[in-house]
S.K.: 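Quick one: the structure is below, questions incoming.
Predicted, not measured: the structure shown is a model, and the values here were computed from it.
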Amino acid sequence: MLVLVLACAAQFLVVLDVSIVTVALPSMEAQFELGAAGALWIVNAYVLAFAGLLLAGGRVADLVGHRRAFLTGATVFTVASLVGGLAPEAGVVVAARAGQGLGAAVLAPVTLTILTTTVPEGTRRHRALAVWTAVGLAGGTTGNLIGGVLTEYLSWRWVFLGNVPLGVVAVLLAVRALPPDAPPRRRDPVDVRGTLLATVGLVALTFGIVRAGTHGWNSPPTLAALGVAVAALAVFAVVERRYARVPLLPPRLLATRSVARGNVVLLLAGACLNPMWYFLTFAMQDVLRLSPLETGLGFVPHALLTIAVGVRLTPWLMRHVAARTLIVAGASVAAVGFGWQAGVGPGMTYAEAMLGPAVLIAVGGGLLNTPLTAVATSGVRHEDAGAASGLLNTTKQVGGALGLAAWVTVAGADLGLAFHLLAGSMLVTALAAMALPNGAGHTGRHESLGRVTDDASG
């Protein structure tokens, strides 16, 4: 139980910091005279470090041990938060955000790895994953609310400093709750080439996607970054398959049907469910004219209902319904919700414009997230659990960044079109989910998840 609390608390902290800074940006911009471009780097520094290093961060847990990886990630994240809260100038804030991203890149995959290696596959794991997923969703949806409260009543510095006591508690809990690691695998060489290539490729990919959202896909720096990403990741694939003795991303992972297909669906779902917060924020502030604090409160129904469905209903359904069926159903319900949300317009109240769509979007997200996580991490060897977790988190982050850049480029300020695009994206996700292995993630009455997972030979 204590391990689950620890994993969920760390996951909440990591996801929270993706969004909590957003509401505080105007205050930081005013104090440091940053301008819009400078303020954007406070957000992007975290995203670049986090997404770019997730794959390497996930493999760290396999090589040095889960306890060491957790303590390292939590310590780096906490120290970076302290530096950000005390920063005398904007450059230090940006560096601190990158430091937070580095710590989070180790911490996020290891929280999932701890669950998938300590909780047996089946009903118990489904419940643990449901709680872990719901806590992550709660962190994302409450980040704007908490950031608004801290900025309005204290200072923007508290969006950093508030992490410090939480990080210290997480470190102390980890010392008590996590068992000692076995000695590191010193005889196995670290995949230095693969780590560098993956990091360069993912950072370049993330930078190119983020820049495309603000400068367009034809911008020379965007094209250059995407070109570097393609080249680095292509070489990475060759190195991992032919030359690495202990690959950063073992090829056998992608030969596992549930992992490979699950990550494709995760990429598509992330391209919709992550960017939706951006468009919902503008819908509430620019169309409904809600304040930042009211906007934060406006996300509460999304969070509460998603958690309720994800924690209470979905694990029960997973005992009786195949994971593939739940993912298809959840994506379809969310698609209807986004189609409804496209009708938001001036003069409408929050209840008229947001509440109905919020119910469908939250129910859909609550139904699909846990079974999709279960599918994408099933059938994985114990020694590859960290790599699988890092791959899952990387896929979601890259999908979210790619989706946001694409939808902003196509829709611009047309929120109705943006929500229609999100609806279409979820329908594509539902179609892709039909190709998932039948039975992966479903325990049934007489069989465990491990018995029905398709492996590399499937």
S.K.: Side chains of Leu254 and Leu391: does their closest heavy-atom pair fall under 4.5 Å?
M.R.: yes

S.K.: Is the shortest heavy-atom distance from the side chain of Val264 to the side chain of Arg261 under 4.5 Å?
M.R.: no

S.K.: Restricting to non-hydrogen atoms, name the atom on Leu197 and the atom on Ala232 that form the minimum distance, rounded to 0.1 Å.
M.R.: O-CB, 3.8 Å

S.K.: State the CG-CZ distance between Leu202 and Phe50, to the nearest 0.5 angstrom.
M.R.: 12.0 Å

S.K.: Please report the interatomic distance OG(Ser378) to CZ(Arg257), rounded to the nearest 0.5 Å.
M.R.: 11.0 Å

S.K.: Please round to the nearest 0.5 Å and tell me the distance separating atom CH2 of Trp217 and atom CG of Leu226.
M.R.: 6.0 Å

S.K.: Do the side chains of Leu372 and Leu266 get nearer than 4.5 Å, heavy atoms only?
M.R.: yes

S.K.: Any idea how Trp156 and Phe160 line up, ring-wise: parallel (<30°), tilted (30 to 60°), or perpendicular (>60°)?
M.R.: perpendicular

S.K.: Mind listing the closest non-hydrogen atom pair of Ala204 and Val228 along with its distance?
M.R.: CB-CG1, 4.0 Å

S.K.: Do you know the tightest heavy-atom contact between Arg67 and Ala174?
M.R.: NE-O, 3.9 Å

S.K.: Indicate yes or no: at least one non-hydrogen side-chain atom of Asn163 is less than 4.5 angstrom from one of Trp158.
M.R.: no

S.K.: Are Phe419 and Trp407 near enough that their ring centres are under 6.0 Å apart?
M.R.: no

S.K.: Nearest 0.5 Å please: distance from the CG atom of Leu280 over to the CD atom of Gln341.
M.R.: 5.5 Å

S.K.: At their closest point, which heavy atom of Cys272 faces which heavy atom of Pro275, and how far apart are they?
M.R.: O-CD, 3.4 Å

S.K.: Using the ring-ring contact (aromatic ring centres under 6.0 Å, His included) criterion, which residues pair with Phe70? Sequence neighbours excluded.
M.R.: none

S.K.: Compare all side-chain heavy atoms of Leu178 with those of His66 and state whether any distance is below 4.5 angstrom.
M.R.: no

S.K.: Under a 4.5 Å cut-off applied to non-hydrogen side-chain atoms, are Val168 and Pro165 in contact?
M.R.: no

S.K.: Phe282: which residues meet the ring-ring contact (aromatic ring centres under 6.0 Å, His included) condition with it, sequence neighbours left out?
M.R.: Tyr278

S.K.: I need the Leu107 CG to Gln100 CD distance, nearest 0.5 Å.
M.R.: 11.5 Å

S.K.: Just how far is it from atom CE of Met354 to atom CE of Met284, taken to the nearest 0.5 Å?
M.R.: 4.5 Å

